[in-house]
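Letters A, B, ... are given to chains in the order of the sequence lines, protein chains preceding strands, and every chain is numbered from 1.
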Number of protein chains: 2
Amino acid sequence: MATIKDVATLSGVAPSTVSYVLNGSRKISEDTRTRVLDAVRELGYHPRASARTLRSARSDVLVLAVPREAGKYRAMDGRFAVEISDAARGHGFDVLMMTDPDGVRGLRRIAAGGQADAAILMAVQEEDARLAAMRELGFPVALLGHGNERDEWGVPWVDLDWEAAVSLAVRQAVAAGHRRVAFLASAEHEIAARRGYALHGLDGARAAARETGAEVVIRPSAGDPERAAARVRELLAGSEPPTALVIQHLIPLTRVLAEIAALGIRLPADLAVILVGTLPDESGTPDLPRIDLPVGRMSAAVTELAVRAIGADGRGAGPAETKATATLSATTKSAATAGTTAADSAARTDGDGPGPAPRRELITPRMTPGPALSPPRADRPAT
Amino acid sequence: MATIKDVATLSGVAPSTVSYVLNGSRKISEDTRTRVLDAVRELGYHPRASARTLRSARSDVLVLAVPREAGKYRAMDGRFAVEISDAARGHGFDVLMMTDPDGVRGLRRIAAGGQADAAILMAVQEEDARLAAMRELGFPVALLGHGNERDEWGVPWVDLDWEAAVSLAVRQAVAAGHRRVAFLASAEHEIAARRGYALHGLDGARAAARETGAEVVIRPSAGDPERAAARVRELLAGSEPPTALVIQHLIPLTRVLAEIAALGIRLPADLAVILVGTLPDESGTPDLPRIDLPVGRMSAAVTELAVRAIGADGRGAGPAETKATATLSATTKSAATAGTTAADSAARTDGDGPGPAPRRELITPRMTPGPALSPPRADRPAT
DNA sequence: TCGATTCGTCGAATCGATTCGATGAGATGG
DNA sequence: CCATCTCATCGAATCGATTCGACGAATCGA
């Protein structure tokens with residue numbers, strides 16, 4: 001209820017002086033500074049966000065567009081939302097959720113109404129109406145995940161390097177002594193839809209096969225758990241079955257593991273299983289060697305890109321250091337900066353203008369700390 | 001970029017008239033109304049949220065406090081967040097996420113800064129600092145989940161009736177012909193912490209045993225999946241093992257089902273398994289008879305309580321019909337109203353003032369549509 | 001035909017911060 | 001000792017909507 005005027009009165013200065021003290025935008029004597037701060041504390045003063053925003057045209061809010069197909073909910077989305085909110089706080093931003101099934105209308109309302117300074121778009125489609133709308137408004141954007149090869153108009157994005165992830169999994173298996181490796185890829189419908197992670201996963205498996213010379217059997221998974229289980233049965237059949245199995249399609253994992261057990265195959269003695277990717281919930285999943293989706297690192301990275309995309313004027317790009325340093329926790333910062341690698345800037349510069357090139361970050365996958373990959377059984381040697 | 005002034009100029013009226021047209025707060029002739037709306041469309045005008053909020057002291061934003069224990073993430077939290085955001089849109093509100101590990105500081109900042117009109121607090125603890133802070137500021141609040149028996153100062157809350165849920169599961173088993181039922185309750189540490197759902201679940205099992213006369217063996221689960229599996233082994237051991245198993249502690253479900261399979265028990269022929277409660281992700285979980293946590297209904301209910309808690313002056317309670325009717329989708333409304341039952345108003349009215357009593361909603365559990373509960377094997381008759 | 005309503009619209013004050021140019025007191029220098 | 005410069009602070013304009021009292025014109029009843 002207290003306003004800046006009250007603080008000014010109580011500390012015997014002008015309102016503008018209070019503002020300068022609170023924002024550090026002008027030099028203020030140590031004496032008045034303490035007087036003002038005391039008054040602030042005494043009155044329990046909090047600046048009214050709307051007034052600040054109205055005048056300064058900065059809301060210190062990011063809007064997060066959560067994908068929302070009619071009634072469906074993907075557990076990873078919630079995880080990312082929370083993690084991005086955390087990261088945003090590290091930069092002094094709050095996060096507003098946008099879950100309209102449509103997305104475009106709501107996003108446009110928030111953006112045009114100045115309720116946020118930038119948008120983070122999750123799960124961008126190839127022709128994304130949300131992205132188009134934001135560009136039309138000249139609204140700063142960063143994407144989590146990227147469309148196919150397309151460069152999305154030079155918009156900054158972050159994604160896991162799925163090709164490297166699957167390739168790493170296969171190479172690890174080979175390094176552990178396995179010579180016949182099976183790969184349960186993404187589901188057919190995902191591949192048909194040309195989802196980036198699905199295609200890149202396949203590429204990774206092929207590349208690893210080429211590099212290592214190992215025998216890699218690739219098979220797409222299926223949306224239906226039963227059919228996914230059937231695929232695994234096929235993969236593991238034959239006179240010389242593979243001794244390692246890399247799984248990218250984790251949704252029906254429970255069913256798949258049950259199928260493996262039903263086949264009389266025991267883990268890890270008979271078969272080394274390696275998981276690649278999204279495990280929405282940490283609990284309840286079996287403890288297998290795996291390459292997790294680095295949710296924290298990706299969230300930190302995309303948040304930083306979004307913040308950076310907010311120019312001084314709310315458009316172009318520029319370092320957001322001034323405000324970041326004030327509130328940035330060392331943890332977040334180092335995670336965001338050190339954790340992301342291979343920031344290839346400008347593969348194709350369709351960019352408009354000479355400003356700093358938009359960034360794209362392909363995050364390098366790593367083995368998640370956990371059980372080691374077991375070698376193939378001695379009595380059934382490789383080759 | 002266009003302001004209300006631009007719209008006024010273009011349509012040849014005063015800015016106030018434009019405001020009246022847009023808000024419907026005064027009668028306006030059909031003629032000017034159309035002229036104004038045309039101008040709005042032509043200019044692509046969107047009111048600036050900060051200006052509106054500054055003047056009207058309403059932000060049309062709810063802040064959602066997501067519980068955030070150091071580094072942990074519970075999948076259900078994200079689900080609720082998304083679902084609450086959906087429900088809020090139905091009332092014309094956006095949702096701001098608050099994920100600070102502390103929570104209190106951030107919540108206080110948002111509330112005092114007028115960045116939101118009400119708060120929804122998830123997973124409230126017995127002595128919740130966040131709740132205390134909000135009350136101190138006189139900030140409207142609604143809770144998702146409630147503390148133990150305490151009435152939380154008459155603050156409105158929503159929760160599933162866990163006692164009824166477990167009781168229903170047991171009674172369903174008995175109705176299907178089972179005479180010996182096992183109940184794998186919440187984990188020991190949850191019971192020790194006196195979590196509401198844990199205690200109420202136990203009560204439900206006991207009550208059902210009393211009412212039906214069936215033999216119900218109750219055992220707490222354990223945090224560690226291995227130890228949880230051991231509990232199940234104990235539960236199903238003995239010369240006359242139970243023929244039905246009700247599980248409330250779902251986190252280690254995968255492990256538990258594997259244990260059952262390892263015991264040579266087959267579902268559902270040898271054992272009827274019924275799940276009670278939280279299944280964060282719809283995919284990948286086995287298709288068993290169950291009573292789901294009604295996330296959608298709970299989210300709708302708590303959102304409505306929060307909205308209702310926003311008085312005309314931002315304090316007391318009062319119907320939010322005026323604005324709700326404008327944007328409310330029929331679906332949401334009916335779900336929120338019809339879906340919630342047993343709104344017992346005022347068990348203990350510690351309330352300050354004579355206004356409408358705060359609401360508490362205990363949601364009645366229902367069997368989730370799915371596979372039917374199978375009867376016990378004929379060759380091993382009950383009793 | 002005149003006073004009282006009703007109706008539609010206008011003008012101006014207001015919400016609470018930010019920000020820029022101005023100003024007065026001290027310090028500096030010749 | 002006066003002109004100049006720096007430093008800390010002040011005053012006022014400003015951001016863009018909402019909202020209330022006022023006011024002219026049309027409508028009504030007698």
Side-chain angles (χ1 to χ4, degrees), chain A residues 1-37 39-40 43-61 109 111-115 117 312-314 322-323, chain B residues 1-37 39-40 43-61 109 111-115 117 312-314 322-323:
Chain A
M1 281 304 198
T3 75
I4 200 173
K5 228 169 193 170
D6 300 325
V7 176
T9 308
L10 180 58
S11 48
V13 301
S16 49
T17 304
V18 177
S19 177
Y20 295 136
V21 168
L22 262 35
N23 298 301
S25 35
R26 272 195 193 182
K27 206 184 286 178
I28 292 289
S29 73
E30 195 50 38
D31 180 45
T32 35
R33 149 180 256 89
T34 41
R35 273 218 322 290
V36 167
L37 290 180
V40 164
L43 294 174
Y45 166 76
H46 278 263
R48 210 141 271 271
S50 50
R52 186 209 288 285
T53 299
L54 175 58
R55 180 63 231 243
S56 65
R58 294 185 98 273
S59 62
D60 290 351
V61 168
R109 177 175 51 83
Q115 232 173 137
D117 297 330
D313 58 335
T322 32
K323 95 154 346 214
Chain B
M1 279 305 199
T3 75
I4 200 174
K5 230 172 192 170
D6 299 325
V7 176
T9 308
L10 180 58
S11 49
V13 301
S16 49
T17 304
V18 176
S19 177
Y20 295 136
V21 168
L22 262 34
N23 297 301
S25 35
R26 270 195 194 181
K27 207 184 288 179
I28 292 289
S29 73
E30 195 51 36
D31 180 45
T32 34
R33 151 181 255 88
T34 42
R35 273 218 321 289
V36 166
L37 290 180
V40 164
L43 294 173
Y45 167 76
H46 279 262
R48 211 140 270 273
S50 50
R52 186 209 288 285
T53 299
L54 174 59
R55 181 62 231 243
S56 65
R58 293 184 99 273
S59 62
D60 290 351
V61 167
R109 177 175 52 82
Q115 231 171 139
D117 298 328
D313 58 335
T322 32
K323 93 154 348 217

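- When atom types are taken as modelled, the side chain of A:Ser19 and the backbone of A:Pro15 share no donor-acceptor pair closer than 3.5 angstrom.
- Partners of B:Ser16 under the side chain to side chain donor-acceptor pair (under 3.5 Å) rule, at least two apart in sequence or in another chain, do not exist in this structure.
- B:Ser19 comes within 4.0 angstrom of a base, heavy atoms only.
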All N/O pairs under 3.5 Å across the protein-nucleotides 26-28 of chain C interface:
none

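- The closest side-chain heavy-atom distance from B:Asp117 to B:Asp60 is below 4.5 Å.
- Evaluated for a side chain to side chain contact (heavy atoms under 4.5 Å, CB included) with A:Ile28, the options A:Val18, A:Val21, A:Leu22 yield exactly one hit, A:Val21.
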* Structure fact -> Secondary structure of DNA chain D per the Watson-Crick/G-U criterion (both distances under 3.5 Å; [ ] crossing, | other strand, . unpaired) is ||||||||||||||||||||||||||||||
Which atoms of nucleotides 7-11 of chain C (N or O only) lie under 3.5 Å from a protein N or O atom, and what are those distances?
residue, atom, partner, partner atom, Å
C:dT9, OP1, B:Ser29, OG, 2.9
C:dT9, OP1, B:Thr32, OG1, 2.7
C:dT9, OP2, B:Ser29, N, 3.0
C:dT9, OP2, B:Thr32, OG1, 3.0
C:dT9, O4, B:Arg26, NH1, 2.7
C:dC10, OP2, B:Ala14, N, 2.7
C:dC10, OP2, B:Thr17, OG1, 2.6
C:dC10, N4, B:Arg26, NH1, 3.4
C:dG11, O6, B:Ser16, OG, 3.2

Using distance only, find each side-chain donor-acceptor pair of residues 44-53 of chain B under 3.5 Å and give its atom names and separation, not counting sequence neighbours.
residue, atom, partner, partner atom, Å
B:Arg52, NH1, B:Asn23, OD1, 3.3
B:Thr53, OG1, B:Ala49, O, 2.9
B:Thr53, OG1, B:Arg58, O, 3.4

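- Distance CG/A:Leu43 to CD1/A:Ile4: 12.0 Å, rounded to 0.5 Å.
- Atom OG1 in B:Thr9 sits 8.0 Å away from atom NZ in B:Lys5 (nearest 0.5 Å).
- Near-neighbour residues of DNA chain C inside residues 46-53 of chain A, defined by a heavy atom below 4.0 Å, number-ordered: A:His46, A:Pro47, A:Arg48, A:Ala51, A:Arg52.
- Comparing A:Ser25 and B:Ser56, the nucleotide of DNA chain C nearest to each residue sits closer to the 5' end for B:Ser56.
- OP1 or OP2 of C:dG16 has not a single side-chain nitrogen or oxygen of A:Tyr45 nearer than 4.0 Å.
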